[in-house]
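What you are looking at is a predicted structure, and each value in this text was computed from that prediction instead of being measured. The figures here come from the full heavy-atom set of this structure, side chains too, leaving out hydrogens, waters and symmetry mates. By convention in this document, chain letters (A, B, ...) are assigned in the order of the sequence lines, proteins followed by strands, and residues within each chain are numbered from 1.
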There are 2 protein chains.
Amino acid sequence: MTSPLSDRKKQILRAVVINYIKTAEPVGSRTVARSYRMGLSSATIRNEMADLEDLDYLDQPHTSAGRIPSQLGYRYYVDNLMDIDNLSADDEMAISSSLSSEKMREIEQIIINSARVLSSATNQTSLIMGPQFRKSAFRQLRILPLDDKRSLVVLITDTGFIKNKVIDMQQQLSQAELHQVVSYLNQKLYGLTIDQVTTSLINELKRDLFKRLEILEQAFILLEESLKEEKQIRVFLGGTTNILNQPEFKDVDKIRRMLNLFEQEPLLFKILEDTSSEDNIVVRIGAENEFEAIRECTLITGTYKIHDKTLGTVGVLGPIRMDYSRVICVLRRLVDYLNQRLSS
Amino acid sequence: MTSPLSDRKKQILRAVVINYIKTAEPVGSRTVARSYRMGLSSATIRNEMADLEDLDYLDQPHTSAGRIPSQLGYRYYVDNLMDIDNLSADDEMAISSSLSSEKMREIEQIIINSARVLSSATNQTSLIMGPQFRKSAFRQLRILPLDDKRSLVVLITDTGFIKNKVIDMQQQLSQAELHQVVSYLNQKLYGLTIDQVTTSLINELKRDLFKRLEILEQAFILLEESLKEEKQIRVFLGGTTNILNQPEFKDVDKIRRMLNLFEQEPLLFKILEDTSSEDNIVVRIGAENEFEAIRECTLITGTYKIHDKTLGTVGVLGPIRMDYSRVICVLRRLVDYLNQRLSS
DNA sequence: TTTAGCACTCTAAAGCTTAGAGTGCTAAAG
DNA sequence: CTTTAGCACTCTAAGCTTTAGAGTGCTAAA
């Protein structure tokens, strides 16, 4: 479409973006001329900057202020100008030491801790979708009698989820009968993902079994509820207060809107899910976001897998002015970690 | 100590408190004289108010402003002047309908929903401590082999907690042996509260059993971890953004401090636990709070029980200027609900 | 003891001034 | 044709001043 930018323009755009990310102040021509010694006077830079403004890569808050990157400018920077260094040794140390803390056995613990690490390493708010139970494959169903009336139904998936539920049995069931039913179910369901266990399949099985036993209604309820409940998977947040450190959120009203958003788990889930189809790191800048609520933010997400199955999304949410290069680094690092950690 | 207040002073103090709670503006003598027709001129009220200020029941933000209640004033109001009406029919309706939502099977669901109801009914932030696992009594331990290497250990308490954990078995164990060990443990532990299952007791049992089987190490790890992990019980929050609606929190720095507090679960737990010894509703106004972090707030708490055992604390946290009467009402209602709901 | 009247005080909001940063334009230099 | 120096101009944020309004405390009279 538009002609490609000259190298000089690229350099200048890059300088403006980097500077603005660091200082949050509009960047003037003098600043660019001085700090990135490129042998040009501020007047020349000024002309170039005026061009960049015409091309919509830069904005001017008011006539006599410096320039700030437009959303298009950020996009251009992310796509063409940014270099992604590796993490500094210090960062790497800090991150891996926080990640390797002892008591991280439970999946939930791992996720929560990851959220914390991610937010503190980026100084932004982090969102992590818990592993999607529904994409896991059915492994085993067990029924464990507790006393006369009650039993514990346990559902286990290939990705290590364990769901359980105490159910009431109206009639007692002999060990043998129970065993029969349970192994029938296991046989029928083995290997299916939870997604595939539809209500209609359940009904079919139910019909099959009802001929012989009316009693397992409750066990089916567990299955059905698992399906319903898990439609909204938990989203874990880290560093929600970090947005308060960003100068773009010094307005109480904006803060309220963001915090309100953070309280709406289903919406957060949708926001994360929305990006989860893609393969690698995805950067959504401002209006590129589908959801109105985060149109003033940038969302950077990655997906993590267990045994090569995409199970969830990890993201960083912050103002459009954020340190893209750093966030992407950290996010990559974390996704690697999760992939490795959850597969064991 | 000080001589009791005259009826007239009480009336005036009450009027100031009520008015200030409603408007968040300092209350002037004219306002009191007019809105609470007590046949006195503003000048008279003015004199009385000056007296109340001398007695430390009222404060004056600056020379020519109205008066606001001091912390002592609020305390006097709560102890002597406040009348606690019942909930209005509307409120009652709203609360019971939110509470009776369908899918509240899990304890956690009940707690989370309660937090939501409490915060929206009071327009404050609500805190609810999850039921204290440690005060529950041991009921049953089960071990459920999954495959060659792994088993599921399930721990059940009298208050309906179910903890489980997949463990690795280095050696295989015959059904009979397993059964033997498990029933030994159940016999030894039945009826003890989790608190009573100390590490030393576990070690003792371990010694007993090690003579026969080296294998259950992992099962003990579950027990031990349960003890450790649960030291910090979850605290559920509702309406954290409500503080943003309070005019006393329009300062970003204060907001940051509060939100930071909300992210520190262990501290929240301590704050709630601190009040849990007492019987009924407890009101802590400002500096009456033990914890520095909430010295600018009022915390109103109640405790809920399962089968007459105190299991957790429910609280409302907000600015010192809050609608005490209303909050106390709603809190009472909610504690009743929880007591009833969790005992079934 | 209560009240009217009045001078006084204090704040918050609105208006005004100013310093500083940065621009855009023009004309000269390379 | 491109780059640069110079300069007038613009805009904001911060500080200062002014003012209206609310409320007080005191005094003297009822």
Chemist: Please check if any side-chain donor atom of B:Asp91 sits under 3.5 Å from a side-chain acceptor atom of B:Ser88, or the reverse.
Modeler: yes
Chemist: For DNA chain D, please output the secondary structure as dot-bracket, reading 5' to 3'. Pairs are Watson-Crick or G-U wobble, both atom distances under 3.5 Å; mark crossing pairs with [ ], other-strand partners with |, unpaired with a dot.
Modeler: ||||||||||||||||||||||||||||||
Chemist: Taking side chain to side chain donor-acceptor pair (under 3.5 Å) as the definition, give me every residue that meets it alongside B:Gln71, ordered by chain and number, with sequence neighbours left out.
Modeler: none
Chemist: Give the first and the last nucleotide of DNA chain D, reading 5' to 3', that has any atom under 4.0 Å from a heavy atom of chain B.
Modeler: D:dA22 to D:dG25
Chemist: The criterion is side chain to side chain donor-acceptor pair (under 3.5 Å); which residues satisfy it with A:Asp90, sequence neighbours excluded?
Modeler: none
Chemist: Could you go through the salt bridge (charged side-chain N to carboxylate O under 4.0 Å, His left out) check for A:Glu92 and A:Arg333 one step at a time?
Modeler: CA-CA 9 Å; A:Glu92 178 57 37; A:Arg333 176 72 180 73; 3.0 Å; yes
Chemist: Counting the atoms with a prime plus P, OP1 and OP2 as sugar-phosphate, which does A:Ser42 contact under 4.0 Å by heavy atoms, base, sugar-phosphate, or nothing?
Modeler: nothing
Chemist: Could you check A:Ala65 against B:Glu48 and say which one's nearest nucleotide on DNA chain C is further toward the 5' end?
Modeler: B:Glu48
Chemist: Please evaluate residues B:Glu248 and B:Lys254 with respect to the criterion salt bridge (charged side-chain N to carboxylate O under 4.0 Å, His left out), reporting the C-alpha separation (whole Å), side-chain torsions for both, the decisive distance (0.1 Å), and the verdict.
Modeler: CA-CA 9 Å; B:Glu248 25 274 281; B:Lys254 259 192 198 168; over 6 Å; no
Chemist: So, B:Asn245 and A:Arg256: side-chain donor and acceptor under 3.5 Å apart, yes or no?
Modeler: yes
Chemist: Would you please classify the geometry between the A:Tyr77 ring and the A:Tyr324 ring as parallel, tilted or perpendicular, with 30° and 60° separating the classes?
Modeler: perpendicular
Chemist: Are the side chains of B:Leu259 and A:Leu259 in contact, using a 4.5 Å heavy-atom criterion?
Modeler: yes
Chemist: Can you name the side-chain contact (heavy atoms from CB on, under 4.5 Å) partners of B:Ile68, sequence neighbours left out?
Modeler: B:Tyr20, B:Pro26, B:Asp59, B:Pro61
Chemist: Check this for me, if you would: do B:Glu292 and B:Arg295 make a salt bridge, where the nitrogen-to-carboxylate-oxygen distance has to be below 4.0 angstrom?
Modeler: yes
Chemist: Would you jot down, in residue-number order, the residues of residues 6-21 of chain A having a non-hydrogen atom under 4.0 Å from DNA chain D?
Modeler: A:Arg8
